[in-house]
Amino acid sequence: MQTTLNRTAKCLLLTCLVLNLPAHAQGAVASTTPSVSRKDLLSAQLTQVRPLARIEAKEVVLEPGLHAPLHLHPCPVVGVVMEGGIVFQIEGKPVQRLGAGDAFYEPANARVVRFDNEGSIPAKFVAFYLPDSGELELTRLLPQ
């Protein structure tokens, strides 16, 4: 019993030292070591818990003046606008104006009534589709 406690105490002490070492080392070399920063872009609650079989990442460019047709995605979609701006609206939700660096979330089977480039330059975004193993279709156009 005493040996197990000693091992546990030593492991805990070693872990604390290792975790604390980068903080001390960073102060000593902060001027020569690049830092990492993180910015919260999106926190979305998934409406369904389901197995994630794969991720499809797509870069999409919307030409100026393009208005996407009414559509939905059978799987959740998360994306980030890289350039330009997009007017985005899920049916029943407020309109959002997204610019470069803004993130968006489209729940599975939610009707997307607006995903438009009303600007004068192309709008580029990256979309991450989260289909389950049986889903092949990523986007479904709906009748107006």
Taking only residues two or more places apart in sequence, or in another chain, which ones meet [X] in a side-chain contact (heavy atoms from CB on, under 4.5 Å)?
X    : value
E137 : P74, R140
L141 : P69, H71
L52  : I55, L130

Pairs in or reaching into [range]: which pass salt bridge (charged side-chain N to carboxylate O under 4.0 Å, His left out), with residues at least two apart or in two chains?
range          : value
residues 35-49 : none
residues 66-76 : none
residues 61-82 : none

Check your understanding: Roughly how far, to the nearest 0.5 Å, is the CZ atom of R114 from the CD1 atom of I86?
Key ->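 CZ of R114 is found 12.0 Å from CD1 of I86.
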Point to revise | Transitive ILVMFWY cluster of V113, excluding itself - 4.5 Å side-chain cut-off | key: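 Joined to V113, directly or through intermediates: L70, L72, L142.
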Check your understanding: Hey, mind stepping through F88 and F125 against ring-ring contact (aromatic ring centres under 6.0 Å, His included) and telling me if it holds?
Key -> CA-CA 12 Å; F88 170 58; F125 64 94; 9.5 Å; no
Practice item. Would you name the heavy atoms of P64 and G119 that are closest together and state the gap between them? Key: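 The pair with the smallest heavy-atom distance is CB-O, 3.4 Å.
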Exercise for review: Taking all non-hydrogen atoms of both residues into account, name the closest pair between D116 and A68 and its distance.
Suggested key: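 Heavy-atom minimum between the residues: OD1-N, 3.2 Å.
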Check your understanding: D132 versus C75: any side-chain heavy-atom pair under 4.5 Å?
Key ->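 Not touching, per the 4.5 Å side-chain cut-off.
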Practice item. Is it possible for you to say whether V60 and V112 belong to one hydrophobic cluster, with membership spreading through side-chain heavy-atom contacts below 4.5 Å? Key: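 Yes, because V60 and V112 connect within a single hydrophobic cluster, where side-chain heavy atoms sit under 4.5 Å apart.
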When the side chains of residues 92-108 are checked against the rest of the protein, which donor-acceptor pairs come out under 3.5 Å, sequence neighbours left out?
from: D102; atom 1: OD2; to: G99; atom 2: N; distance (Å): 2.7
from: E106; atom 1: OE1; to: H73; atom 2: NE2; distance (Å): 2.8

Review point. Can you name the residues that form a side chain to side chain donor-acceptor pair (under 3.5 Å) with E135, not counting sequence neighbours?
Key: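 Here the qualifying residues are R50.
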Check your understanding: Which residues satisfy the side chain to side chain donor-acceptor pair (under 3.5 Å) test with R111, sequence neighbours excluded?
Key ->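 Partners of R111 under the side chain to side chain donor-acceptor pair (under 3.5 Å) test: E91.
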Determine all donor-acceptor pairs shorter than 3.5 Å in which one atom belongs to a side chain in residues 76-85; sequence neighbours excluded.
none

Review point. Does E56 have any salt bridge (Lys or Arg N to Asp or Glu O under 4.0 Å) partners at least two apart in sequence or in another chain, and if so, which?
Key: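 Applying salt bridge (Lys or Arg N to Asp or Glu O under 4.0 Å) to E56 gives R54, K58.
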